[in-house]
Amino acid sequence: MKTYKLMKEDFPQFLSLLQEKGNLYGPVKSKNHYSFEKIDDLSKLTFDYTRTLMGLKKFVTPPKYKVKHFDKSGSEDVIPEDETNIVIGAHPCDIHAMKILDKLFLGQIKDPYYKKRRENLVIVGHSCLPDENCLCTSTGTDMVSDGFDLFLTELQDFYLVWVGSSKGLFIIMSSEDLFNDKIEMCDIAEYTSWQENRQNSFKTTIPFHLMPDIVHLIYEEDELWDQFGEKCLSCGTCSLVCPTCNCFNVEDKILIHADEVVRERMLDSCTLPYYSVVAGDHDFRPDRTKRLKLYYTHKLKEYIGKWGQPACVGCGRCVTYCPVGINVKTVSNAFYEAIQCVREVKKI
Amino acid sequence: MWTSEHKPIVGVFGFSGCAGDQLRLIHMEDELVSLFTTAEIKFFHMAQSHQEVEHVDIALVEGSINTKKQLEELKEIREKSTFLVALGTCACFGGIQYLNEKDEAFEERFRHVYGSNIKKKEFIVGEAIPPQPLCNFVKVDAMVPGCPIEKDNLLPIYTKLIKGIRPQKYPAPVCVECKLEGNDCLLLHGIPCIGPVVSAGCGAICPSHNLPCVGCWGPYEAANYKSMIDKLEEIGVDKETALRKIKLFGGSKAEEELEKVIK
């Protein structure tokens, strides 16, 4: 991996360079939160933020999109057009989430719609500082070494620019005078000190490494699950904002004008009723507790069995946005505390 | 459900409401010609002068049932139709006219509005009865709530029906559309939004403009009223106000669920 220095006074020029290469997206404040939006006015960009409402998934699995078009002559895939979308400001957790989505959509069976959108996307990461809802040190996703094209670590007077792909390198090479590949020892010292400070500013940790076993063993403890099931609004927020949740529903819409059908995919949520309805109208999870169990066993246990890591990247979106406080932090803590209580009483 | 050899026969019927849902059908200007050419519309009170009802394949029924005469007509429509769709919040849940149905005696309210000299039977529209949604009297095959309905919700169901395909229901609350519109939750900012207990379909118009959802699309099938009330109380809304907010468009469905919760 090549690394360069980009002086802060050259940063606006770097942004203009990105704008020349494609549609530039980045974090902007919108109403009460932050969101990756298309940037026409560079002054709207802000990098002093913790998390956007939706992560990078909206670029690769948009909330609603057409996948097929049918008429009497046959069917046609609706593949997105070739275009370069550059998103700047993604944090390490966002990039880890993208790596998880890549594993799912670009594994043995490649999803053509995802593939095209992913190929169109250039990710320029940006360093971040945590708030009290960030859990990424617990999920091991606080640092990132691949999955991006460029990554910027913001230091006092300059950015350290880490190159993660040939696409990223081409951007650097197209304007070499902006970048300096001479990294001095004092630069390294500054980076290390910044990274140590960052590590020390994490306030929340969760025993995530124990969660797969705990969730598995606690599966039948209905009382523990019910306390969350009774509170859950089944509103879908947790999974819609989760950067790794990617379930979609498929609907064929018949157009009224002619004998044409459009097949659409839209983001779905396993916390909604009828999510688990199968042919014959049987519903495997008619109640809220069962649906929450599915969400958390998948997120904290099943995914690890299949892919070797949790499907949680510790971004803290569920912690921030669930209106009734049901999230990976409260659920994990409740289970862990219940066990600790027993340990204290039984002196185990 | 019916063969595609002949065009399906459609009837559009209206009971008590603002007639906004029928008007919404007529306002679908881009689709209007197709609406009348893909099906044989035999009865459409608002759009046609010639009316006849024999058998209809699809009945689109707007409004709540407020009189005995309407009730008889509804039963007749049910008998003569294969697939009955409740159109709009009034038909699906009772609408705003259902409000306070359980709290105050109907007779008392009737006298308050019309005076004590008039007899209920004297109305040409029939003897008044407490307003109710269609499903409290007859089997409703599909519900398209809305105040008024939105064509993006009706058309996918309607186009399936005219091809003889049974539509699948997939209820979601306003919150789903709200997140997809890119909003964070108003409840987190102390704004008393009842989106989590309200049917989606409007595209979260109000929350997208920082206004709390008032529930005009009626109750969400998986609504958790207990948790909703707790949350509203947590942000400083008293229980009475919370209940009033939920009941405004909640109709008989919300009333039924709330009774269980309050117990």
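Quantities reported herein were computed from a predicted structural model and do not represent experimental measurements. The sequence lines fix the lettering, A, B, ..., with proteins before strands; numbering per chain opens at 1.
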Region of B:Leu35 in contact with chain A, defined by heavy-atom distances below 4.5 Å
both

For B:Leu134 and B:Ala86 the tightest heavy-atom approach is CD1-CB, 3.9 Å

Shortest non-hydrogen contact from A:Val241 toward A:Cys318:
CG2-N, 4.3 Å

Please answer whether the main-chain N or O of A:Leu294 pairs with a side-chain N or O of A:Thr297 as donor and acceptor at a distance below 3.5 Å.
yes

Note, B:Pro196 side chain near B:Leu187 side chain (heavy atom, < 4.5 Å):
yes

Nearest non-hydrogen partners of A:Phe47 and A:Gly89, listed with the distance:
CE2-CA, 3.9 Å

Which class fits the ring pair B:Phe44 and B:Phe36: parallel under 30°, tilted 30 to 60°, perpendicular over 60°?
parallel

With chain A as the partner, which of B:Gly195, B:Gly182, B:Ala172, B:Ala200 has the greatest number of non-hydrogen pairs under 4.5 Å?
B:Gly182

Counting only non-hydrogen atoms closer than 4.5 Å, does B:Ala223 touch chain A with its backbone (N, CA, C, O), its side chain (CB onward), both, or neither?
backbone

Please tell me whether B:Phe93 and B:Phe249 form a close aromatic pair, meaning their ring centres lie under 6.0 Å apart.
no

Tell me which of these, A:Val261, A:Ile256, A:Leu240, has more heavy-atom pairs under 4.5 Å with chain B than the rest.
A:Ile256

Of the backbone (N, CA, C, O) and the side chain (C-beta and beyond), which part of A:Leu233 lies under 4.5 Å from a heavy atom of chain B, both, or neither?
both

Looking only at heavy atoms, the pair that brings B:Gly94 and B:Pro133 closest together is N-CB, 3.4 Å

Below 4.5 Å, heavy-atom pairs only: which of A:Pro273, A:Pro286, A:Cys232, A:Pro62 has the largest tally toward chain B?
A:Pro273

If you compare all heavy atoms of A:Tyr113 against all heavy atoms of A:Val78, which two are closest, and at what distance to 0.1 Å?
CD2-O, 3.6 Å

Of all of B:Cys185, B:Pro156, B:Pro171, which one pairs up most often with chain A through heavy atoms under 4.5 Å apart?
B:Pro171

Donor-acceptor pairs under 3.5 Å, chain A to chain B, main chain and side chains both?
unit_1   : atom_1 : unit_2   : atom_2 : d
A:Lys31  : NZ     : B:Asn183 : OD1    : 2.7
A:Lys31  : NZ     : B:Ser208 : O      : 2.9
A:Asn32  : ND2    : B:His189 : NE2    : 3.4
A:His33  : NE2    : B:Gly182 : O      : 2.8
A:Glu230 : O      : B:Asn224 : ND2    : 2.8
A:Lys231 : O      : B:Ser227 : OG     : 2.5
A:Cys232 : O      : B:Asn224 : ND2    : 2.7
A:Ser234 : O      : B:Tyr220 : OH     : 2.8
A:Asp252 : O      : B:Lys160 : NZ     : 3.2
A:Ile254 : O      : B:Thr159 : OG1    : 2.9
A:His257 : ND1    : B:Ser34  : OG     : 3.3
A:Asp259 : OD1    : B:Lys163 : NZ     : 2.8
A:Asp268 : OD1    : B:Tyr170 : OH     : 2.9
A:Asp268 : OD2    : B:Tyr170 : OH     : 2.9
A:Tyr274 : OH     : B:Lys169 : NZ     : 2.9
A:Tyr274 : OH     : B:Glu221 : OE1    : 3.4
A:Tyr274 : OH     : B:Glu221 : OE2    : 2.4
A:Pro323 : O      : B:Lys231 : NZ     : 2.8

